[in-house]
Every structure is written in C-alpha cells, then in structure tokens.
Amino acid sequence: MSLETFGQWLQSADVATALRESALVYPVVMTSHLAGMALFGGMILMTDMRILGLALKSYPISEVVNGLRKWKHLGLTITAGCGIFLFWAKADQYLSNPYFWMKISMFTLIIIHALVFRGSVYKRAEELDRAPVLPTNAKVAAIMSIVLWSGVVTAGRLIGYYEPPQKQQASTVLHQPIVAQSTR
Amino acid sequence: MFPALWARLKGSLKEIMLAYDPATNPLNNNEWAFPLCEIIHILGFAFSIGTVALVDLRLLGLAFKSQPASKVLKDTAPWTLVGLVVMWISGPLIFSSDPVMYLNNASFRFKIGALLLAMIYNYTIHRKVAMSEAKGAGAKLTAIISLALWVSVVAGGLFIAFV
C-alpha cells in the first residue's frame, strides 16, 4: 500500500468524510485547535520563562511547574485531539506535505525532550527552587522547550502553504516543447 | 470646523485606499514574508491570551491559589502587553496584504469588534475584579467572560478564511 492509497483509505472513513465536507464543523475544530494553542501554548512559554528566571520570578518554580501541569495536559489533549481529527479528514493531503512531516519530526523531538527532561527537571521543580544557581540541564530543557514548541507552531502554519505539484501541469509542460518544435 | 476636517480626512483616506496597490506590498512579493507574519501573530496571541488565561484560572480558583489574584495580574500584565504589541504589529501587516478583502469580510469585522471589546474588558472590568481580590460567583463569571471573549477573537480570525 503506497502512502497515497493509505491516506485515501484513512480519510474515506465516515467521520473523516463528514468532517471534511462540513462547512461549519471543520473550521470549528480548527478554531479549537488554535484556541488550545492560545490558552495552553502561552502556559508552556510562561513555565519555561519562569525556569529561566525571565518571568514570574516571585513565584517558586515548583508552583508554576506543578500548578500548571494538569492544565497544560488538558490543553495538549484538546489541541492534539483536534489536530488528529484535522489530519484524519484530509490525510491524503497531509501525508504528501513536507511541512506535515516537519511537524511530526518536531513532535518526535518533543517526546524525546520529555523522556530526557521530565524526570531530571520538571519532576524535580522543588530542587530547582533550592538550588543556588539554575542547573544547566534545566536551562537547556527550558530553551529547547520554547524552540521546539515554536517550531511545531511554525511547521503547522506552513502546512497550509505547500502547493503539491499538479499532475496536469506536468503534462502540459511536457507537451510544450513538442508543440514549439512542430510550429517552427 | 470639525465636519470639514473630517470630510477632508475621509477624502484623503479614500485617496490613499485608491492609490494603494496591494501588489506592491512586499508581503505579496516574498514567499516567506506572509507566513512569517502569521506565525509571529500566533506566537503573539499565545503569549497574550495565555497570560490572561493564567489570571482567569486564578479567578476561577484553579491555579496559583496561594497567590492573590491582584499579584497574578500584576505579574502577568507585562507579558500580556508584549503579546498584544506583537499582535498589533503583525496583525496590521497581514491586513495590509489585502485591505479591501479584509474590510469586506464579515468574520474580520466580527474579530475586530471582539478584539476591541476583549481589550477594553481586560483593562477595565477584568482588571478591577482581579485587583479587588473578589471571590465567588462574580469573580468566576468575570473569568469565564474573559475566556469567551478571547476565544471568540481567535475564532473570528480563523473564520476569515472560511466565510
């Protein structure tokens, strides 16, 4: 099964077809995806900036990290959940879009980031509060988090700008020199 | 004097609109400029709306419970402003790529209305309630209205492409 037929098979599901063809539900799911970004993406940025000591300095790191954790989880669930539906509805287009793969790569890096730093930084926020100087790994974790999440947003927005090469166009290009030759 | 001045201003505005050719706008002549503006716009509203949401979570009693609401507001306000400034730079740039289309777009009009309302609300009622350390139903309602207003700004922006 090629990637193209796989995409077409995925989006032929009833739910995907209904979503794709709905003039209202599709943009509403997209709005939830974007609103999730606004509400919870901001919390991720603020958490990382607190770790770096750039914002909310009068709050213990542990209060920001632990207090916002469940809200960020909820936000990620909503945003990613809506994202999966958006992908499902137009799977064929997404699978052939290089920016979609850029976004997936970014997400893979975010999962690796979580595996590496969750235990050593984010689950030990109290230790960060006690440390006289911010440990390097916490600094790296926060900066990487900002870079990777901004990267996900960037790749996501660029998905909309990719124009797939059109088969019809290719054939007209192929025919042009032949026509030109015959008229000469 | 004022009606005459207004008429002149309106006349020159119209002249500018007529003389302006979006095709000359760098945003329409560079492949990356427009998407870049949009990405900055999204990151900008993540900042501003995300920080307003922190105050709202506090008013709802769902986060930063050990801190007074007025403190959460004061500490997040600079970042809210940073986000708003970023949006008010990137937004008009996006608008400049095709002003006539945006002005005639119902969703754009809704968005601008919602945005002005949300900003006025944020710096008046929302601020007053947070500073007064109000608790209970009033504070919660204030937070819910705030979240609803900002989400409707995002929705209005997205629907520009769908109406």
Side-chain angles (χ1 to χ4, degrees), chain A residues 22-50 54-60 62-72 74-75 78-79 82 86 99 146 149-163, chain B residues 31-58 60 62-68 71-72 74-80 82-83 87 94 107 111 118 146-163:
Chain A
S22 169
L24 186 65
V25 184
Y26 189 80
V28 165
V29 174
M30 220 174 204
T31 300
S32 313
H33 187 63
L34 209 60
M37 246 178 261
L39 296 173
F40 310 105
M43 291 184 196
I44 294 173
L45 290 173
M46 289 312 277
T47 307
D48 291 324
M49 284 175 48
R50 171 60 195 96
L54 297 171
L56 307 177
K57 264 191 194 170
S58 56
Y59 300 67
S62 54
E63 188 175 8
V64 178
V65 171
N66 299 330
L68 294 180
R69 181 173 284 128
K70 62 178 173 190
W71 297 107
K72 286 187 289 181
L74 178 72
I78 294 171
T79 310
C82 289
L86 292 172
Y99 295 114
I146 294 175
W149 284 109
S150 306
V152 167
V153 171
T154 304
R157 185 61 286 231
L158 290 176
I159 288 173
Y161 286 92
Y162 175 68
E163 283 170 31
Chain B
E31 212 182 337
W32 293 97
F34 190 82
L36 190 68
C37 281
E38 284 188 319
I39 290 159
I40 292 170
H41 200 62
I42 295 173
L43 293 173
F45 73 64
F47 243 101
S48 52
I49 301 180
T51 48
V52 170
L54 292 181
V55 180
D56 292 333
L57 282 181
R58 175 62 191 82
L60 289 165
L62 296 171
F64 297 128
K65 270 184 257 183
S66 61
Q67 311 277 353
K71 185 170 187 308
V72 178
K74 273 188 242 160
D75 293 335
T76 54
W79 300 105
T80 309
V82 167
M87 284 202 292
I94 292 170
S107 193
K111 180 211 167 115
S146 165
L147 290 170
L149 276 172
W150 288 109
V151 168
S152 63
V153 177
V154 174
L158 187 115
F159 268 84
I160 291 171
F162 289 90
V163 292

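Residue numbers start from 1 in every chain, and the chains themselves are labelled A, B, ... in the order their sequence lines are given, proteins ahead of strands. What you see below is based on every heavy atom in this structure, not just the backbone, and it leaves out hydrogens, waters and symmetry mates.
Among V151(B), L62(B), T51(B), L54(B), the residue making the largest number of heavy-atom pairs under 4.5 Å with chain A is L62(B). Note on E63(A), M46(A), K70(A): by heavy-atom pairs under 4.5 Å with chain B, the leading option is E63(A). Taking chain B as the reference chain and counting heavy-atom pairs below 4.5 Å, the highest number among F40(A), W149(A), Y59(A) is found for Y59(A). Of the listed residues M37(A), M43(A), R157(A), the one with more heavy-atom pairs under 4.5 angstrom with chain B than any other is R157(A).
Atoms OG1 and CG, on T154(A) and L43(B) in that order, are 6.0 Å from each other to the nearest 0.5 Å. For the atom pair OG1 of T31(A) and CZ of F159(B), the computed distance is 4.5 Å after rounding to the nearest 0.5 Å. Atom CG of residue L57(B) and atom CH2 of residue W71(A) lie 5.5 Å apart, to the nearest 0.5 angstrom.
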Check against side chain to side chain contact (heavy atoms under 4.5 Å, CB included), T76(B) and L56(A): CA-CA 7 Å; T76(B) 54; L56(A) 307 177; 4.0 Å; yes

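Both the backbone and the side chain of F64(B) come within less than 4.5 Å of a heavy atom in chain A. When heavy atoms are compared at a cutoff of 4.5 Å, L158(A) approaches chain B solely by way of its side chain, counted from C-beta outward. Looking at F162(B), the atoms closer than 4.5 Å to chain A (heavy atoms on both sides) all sit in the side chain, from C-beta outward. With a 4.5 Å cut-off on non-hydrogen atoms, L68(A) touches chain B through its side chain but not through its backbone. Only the side chain of W32(B) comes within contact range of chain A, with at least one heavy atom under 4.5 Å from a heavy atom of that chain. Proximity to chain A is absent for every atom of V153(B), based on heavy atoms less than 4.5 angstrom apart. When heavy atoms are compared at a cutoff of 4.5 Å, S58(A) approaches chain B by way of both its backbone and its side chain. With a 4.5 angstrom heavy-atom cutoff, L39(A) touches chain B via backbone and side-chain atoms both. Of the two parts of S66(B), the backbone and the side chain both hold a non-hydrogen atom closer than 4.5 Å to a non-hydrogen atom of chain A.
Across every non-hydrogen atom of G41(A) and A46(B), the tightest pair is C-CB, 4.4 Å. In terms of heavy-atom proximity, A38(A) sits nearest to V154(B) at CB-CG2, 4.4 Å.
Inspection of non-hydrogen atoms places F34(B), P35(B), E38(B), I39(B) of residues 34-41 of chain B under 4.5 Å from chain A.
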